[in-house]
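Letters A, B, ... are given to chains in the order of the sequence lines, protein chains preceding strands, and every chain is numbered from 1.
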Protein chains: 4
Amino acid sequence: MPKRFNLREEAQKAFQNRKRKPELKRDAVLSTAAHLFLKHGYRRTSMEDIADHLEITKPALYHYFTSKDDILVGCYSQGIASILTRLDDADKATGSGLEKTRAFLRVWVETITTMEFGQCVVSLDDNELAPAARSEVRRLKRRIDRSLRERIAEGIADGTIKPCDIRLVAFAFGGAVNSIGAWYDPNGKLSTSAFVKAYTDILIDGVSMAPAPKPVRSSRRGARSTKSE
Amino acid sequence: MPKRFNLREEAQKAFQNRKRKPELKRDAVLSTAAHLFLKHGYRRTSMEDIADHLEITKPALYHYFTSKDDILVGCYSQGIASILTRLDDADKATGSGLEKTRAFLRVWVETITTMEFGQCVVSLDDNELAPAARSEVRRLKRRIDRSLRERIAEGIADGTIKPCDIRLVAFAFGGAVNSIGAWYDPNGKLSTSAFVKAYTDILIDGVSMAPAPKPVRSSRRGARSTKSE
Amino acid sequence: MPKRFNLREEAQKAFQNRKRKPELKRDAVLSTAAHLFLKHGYRRTSMEDIADHLEITKPALYHYFTSKDDILVGCYSQGIASILTRLDDADKATGSGLEKTRAFLRVWVETITTMEFGQCVVSLDDNELAPAARSEVRRLKRRIDRSLRERIAEGIADGTIKPCDIRLVAFAFGGAVNSIGAWYDPNGKLSTSAFVKAYTDILIDGVSMAPAPKPVRSSRRGARSTKSE
Amino acid sequence: MPKRFNLREEAQKAFQNRKRKPELKRDAVLSTAAHLFLKHGYRRTSMEDIADHLEITKPALYHYFTSKDDILVGCYSQGIASILTRLDDADKATGSGLEKTRAFLRVWVETITTMEFGQCVVSLDDNELAPAARSEVRRLKRRIDRSLRERIAEGIADGTIKPCDIRLVAFAFGGAVNSIGAWYDPNGKLSTSAFVKAYTDILIDGVSMAPAPKPVRSSRRGARSTKSE
DNA sequence: CATGAATGAGGATTCATTCAT
DNA sequence: AATGAATGAATCCTCATTCAT
């Protein structure tokens, strides 16, 4: 098991001593749930599964969360918060829009390959959630997307990124990044850092050997051409 | 509702006459199911939902499919068959490995933006399936992936594609393409064909204005660095 | 497969020629059903199973029988008729009550080991049937039981059978005979006729080497001591 | 209703208090189920029937048993355990093989006429069970059969039982005993103990007044002549 | 007659959630 | 605070039986 999972190993311990802070137990529930949700899917993970893994009882979960949806929202929040925090750090490195975008992707990919909460954000289907919870999650998600688009726009403005449909690019990057959870094995031969770089560069630079014949000239107002979400 | 969905409107008609080509009814079930699966997810779509949409009763579905899994497998098969068929056509256009890869992506993106069955292949989680059905589906899916990798390899060999970790590229492309279903709106301003071209070119050529500073130099034996599946 | 089953093989043929007599088809249904009922139980045999084995369609069965219950009653009737017929023959052999009883058992055991319909009578649970059908079947069954009891009574009267509770003896014999279907293998080493004799003698003569120390002295009015059925 | 069933009347009480020995409730489920299984058959008894009789809801049953099969296996186990326990006691009475066999039958008959669980063992069709549960049950059943055969063999060896095909005798006895559940009425005129003695003696000593003309001389290797199970 | 299609009435099982203690 | 017990609402699937053609 990769070491990024040992949060979960600690999770059980949090419940073994009743004196521990409730905050810790909340986290324990969250990281256990995140792990199971990723492994088996939200629907197929029952409250009982989560409770069993923590060696507590089902109703105990309801002390910390009001519902299963609430737990999922918790996972999303944690993941998005992590990404956003790291992103702030990355931004201090001033540079061209292209370099900022590259840095953004790197942080994003890194978070996902490193943290289960990060993966939750990209792998879990928020359609599972009740409407209220769903829009809360989407609001959070949009912050990442907006952040990415701003950097791309900056790159286009300063001439380091080709003129292109920002939304399409953001979606393409998002899709490629989000898929990582489905196949990436942190114990593979490629080191995490090498993987992060390679994957980022593929997206930013493409695979074509020659410079692209012509710059992409799609409508600049592509925004309307895709769903609002 | 987008016009590409009006197949489904026809679906109900297929059941209005008791005597009617069973093949037609089977297809009607399949396209209705595909639509609902995509909209609400496989688990959250009940057999009753499907039956209600077709204005038939639940057990009637079991005339055409042995189980819910069987219906999902049917959707996958249809989608994969479509993609593979179109891919064959695209291949006749001989060209460099790069151009073949580009053509491949175009066909792939096009299928997904055009057919709900195509979207099923990329959006539906085959983890929902029983083991037997799951491996059947994975076998089919692998054919697409293999096909893509062969073209990339060809491009690397003929020097039109940068030396790179083929698996990573295939995954990045796959992820970006698969995500389309989640946000693409066929009624958006951008025409389908414009979208297909733009999206494909982003992936192939990247967004960086300058030629990449250095070619991607990841380990050439990257295969082991990612999960086998 | 034992040869006593080849009636069933013929069953399918009966339906291959539409010109054949409907009576033959009825029989074909009956013997196929008997076979399946014995093999899997009445409840677990579906009308579809029967139809499939005969290579006809389900509704066709309803041409010959009004319901599944009706088929089961048919099986019972055939079996009971066979037993009763053979019993009449056996009775012509005049003899003591003991010998008549022994002959009766022999015929009974023989019928059961030889005919699937015979086995139906003893192995199938008439509780499965709707009330009307059930009492019809029970009426038929009682005729066998009555026949056996008469012979035992005759033996007691003529001093060849110990004074005993006739009902208990009849039930003991019935139980032992009825169980045959559950374990007897017509292809076993013991020939059918040897088996019939051995089994009958065990019941009639017991297994004790010495003559029983004292005659059985149960209440002579034991009849009332057991359920009426 | 016969008084041997009033365990069941107590069954409902077991569920009247939320806090109560779970063992008690498990037993309540089991005895209620046993009763219904015997009365209507396994298949025709629904989980809802059982729940209704206990005045609880269907899913509550799943607290105590994982499945309907599990309940049936529970009934079998209880019955077989009872028989085996009583058998051990009976065996302490040393004696000839014949007397041991007689004692065995007495205990067996007694258990069946006294306990519904005993009847389950003999009356319920284990073909209803899933393969795993079925072989578990059969393993248990075989222990009783083996026990009986050992005693018969002992009797043959010490000359108190006629040389005979042990398997046939065991089957005949088993069949006769198993049938008891189908017709015995514990409230009949005959007392249980009188019934037990009378029934046992019929089987052991036969009904023939005269000593049997010739000892049964079936093939001594009759084992092969019947199915293995 | 025969048949493919359709259905109504269950039945086992799962699970998020809430009580009673 | 924590738990064992209980529940209601689904959900998939089966099957005897009946139509429409």
Side-chain angles (χ1 to χ4, degrees), chain A residues 15 18-19 22 25 42-51 56-71 130, chain B residues 14-15 17-22 25-26 42-51 54-71 130, chain C residues 15 18 22 25 42-51 56-71 130, chain D residues 14-15 17-22 25-26 43-51 54-71 130:
Chain A
F15 276 92
R18 293 195 176 184
K19 303 294 179 200
K25 297 190 186 177
Y42 178 71
R43 281 294 271 251
R44 266 163 314 172
T45 303
S46 69
M47 291 297 263
E48 188 151 18
D49 289 340
I50 300 174
I56 60 169
T57 60
K58 235 188 309 182
L61 290 172
Y62 288 87
H63 268 280
Y64 302 100
F65 297 90
T66 67
S67 70
K68 199 182 167 189
D69 271 19
D70 193 23
I71 297 181
Chain B
F15 280 92
N17 254 339
R18 206 150 181 153
K19 272 277 152 55
R20 194 95 172 224
K21 298 256 166 67
K25 298 193 184 178
R26 232 191 96 98
Y42 178 72
R43 283 291 268 256
R44 264 161 315 160
T45 303
S46 70
M47 292 297 266
E48 189 152 18
D49 289 342
I50 301 173
L54 289 165
E55 286 170 15
I56 59 172
T57 60
K58 230 184 323 176
L61 291 172
Y62 289 88
H63 265 283
Y64 301 97
F65 297 90
T66 67
S67 68
K68 198 182 166 190
D69 270 19
D70 193 24
I71 297 181
Chain C
F15 277 91
R18 294 198 177 185
K25 296 191 186 176
Y42 178 72
R43 282 292 271 251
R44 267 162 313 171
T45 303
S46 70
M47 291 297 264
E48 187 151 19
D49 288 341
I50 301 174
I56 60 169
T57 61
K58 237 186 312 180
L61 290 173
Y62 288 87
H63 268 281
Y64 302 101
F65 297 90
T66 67
S67 69
K68 198 183 169 190
D69 271 18
D70 193 24
I71 297 181
Chain D
F15 280 92
N17 255 338
R18 204 148 181 158
K19 273 278 150 58
R20 195 95 170 226
K21 298 255 166 66
K25 298 193 185 176
R26 231 190 97 97
R43 283 293 268 254
R44 266 161 313 161
T45 303
S46 71
M47 291 298 264
E48 189 153 19
D49 289 341
I50 301 174
L54 289 166
E55 286 171 12
I56 60 172
T57 59
K58 231 187 319 179
L61 291 172
Y62 289 87
H63 266 282
Y64 303 96
F65 297 90
T66 66
S67 68
K68 198 181 166 191
D69 270 19
D70 193 23
I71 297 181

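- The nearest heavy atom of DNA chain E to B/His63 and to A/Ser67 marks one nucleotide each, and the one closer to the 5' end goes with B/His63.
- Nearer to the 5' terminus of DNA chain E, by closest-nucleotide assignment, is the contact made by C/Thr57 (compared with the other of C/Thr57 and D/Ser46).
- What separates NZ of C/Lys68 from P of E/dA9 is a distance of 19 Å, to the nearest Å.
- The two atoms that bring C/Ala51 and C/Thr57 nearest to each other are CB-C, 3.8 Å, heavy atoms only.
- A distance of 9.0 Å separates CE in B/Met47 from NZ in B/Lys58, rounded to the nearest 0.5 Å.
- A straight line from CZ of C/Phe65 to P of F/dT18 spans 16 Å, rounded to a whole angstrom.
- Distance C/Ile56 CD1 to E/dC1 P: 14 Å, rounded to the nearest Å.
- Computed from coordinates, the D/Leu61 CG to F/dA6 P distance equals 10 Å when rounded to whole Å.
- Distances shown here put a side-chain N or O of A/Lys25 below 4.0 Å from the OP1 or OP2 atom of F/dA2.
- When rounded to the nearest whole Å, the span between CD of A/Glu48 and C1' of F/dA6 equals 13 Å.
- The CG atom of B/Leu54 sits 10.0 Å away from the OH atom of B/Tyr64 when rounded to the nearest 0.5 Å.
- What separates NZ of B/Lys58 from C1' of F/dC13 is a distance of 8 Å, to the nearest Å.
- Put simply, the side chain of B/Ile71 does not reach to within 4.5 Å of the side chain of B/Tyr42, judged on heavy atoms.
- Taking atom P on both E/dC1 and F/dT21, the two are 22 Å apart, rounded to the nearest angstrom.
- Side-chain N or O atoms of C/Asp70 include one that pairs as donor or acceptor with a backbone N or O of C/Thr66 at under 3.5 Å.
- Rounding to whole angstrom units, CG of residue B/Asp49 and C1' of F/dC12 are separated by 13 Å.
- Closest to the D/Ala60 side chain, of the nucleotides F/dT3, F/dC13, F/dA6, is F/dA6.
- When all heavy atoms of A/Arg43 and B/Arg43 are compared, the closest pair comes out as NH2-O, 4.2 Å.
- A/Ile56 CD1 to A/Leu61 CG: the interatomic distance, rounded to the nearest 0.5 Å, is 4.0 Å.
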Practice problem: Using a 3.5 Å limit on both pairing distances, list the dot-bracket string of DNA chain E from the 5' end; Watson-Crick and G-U wobble pairs count, crossing pairs take [ ], interstrand pairs take |. | Solution: .||||||||||||||||||||
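- Within 4.0 Å of A/Thr66, counting heavy atoms only, lies no atom of the nucleic acid at all.
- Atom OH of B/Tyr62 and atom C1' of E/dG4 are 20 Å apart (whole Å).
- The 5' end of DNA chain F is approached more closely, in terms of each residue's nearest nucleotide, by B/Met47 than by the other of C/Pro59 and B/Met47.
- In this structure, A/Tyr64 reaches the F/dA2 phosphate: one of its side-chain N or O atoms is under 4.0 Å from OP1 or OP2.
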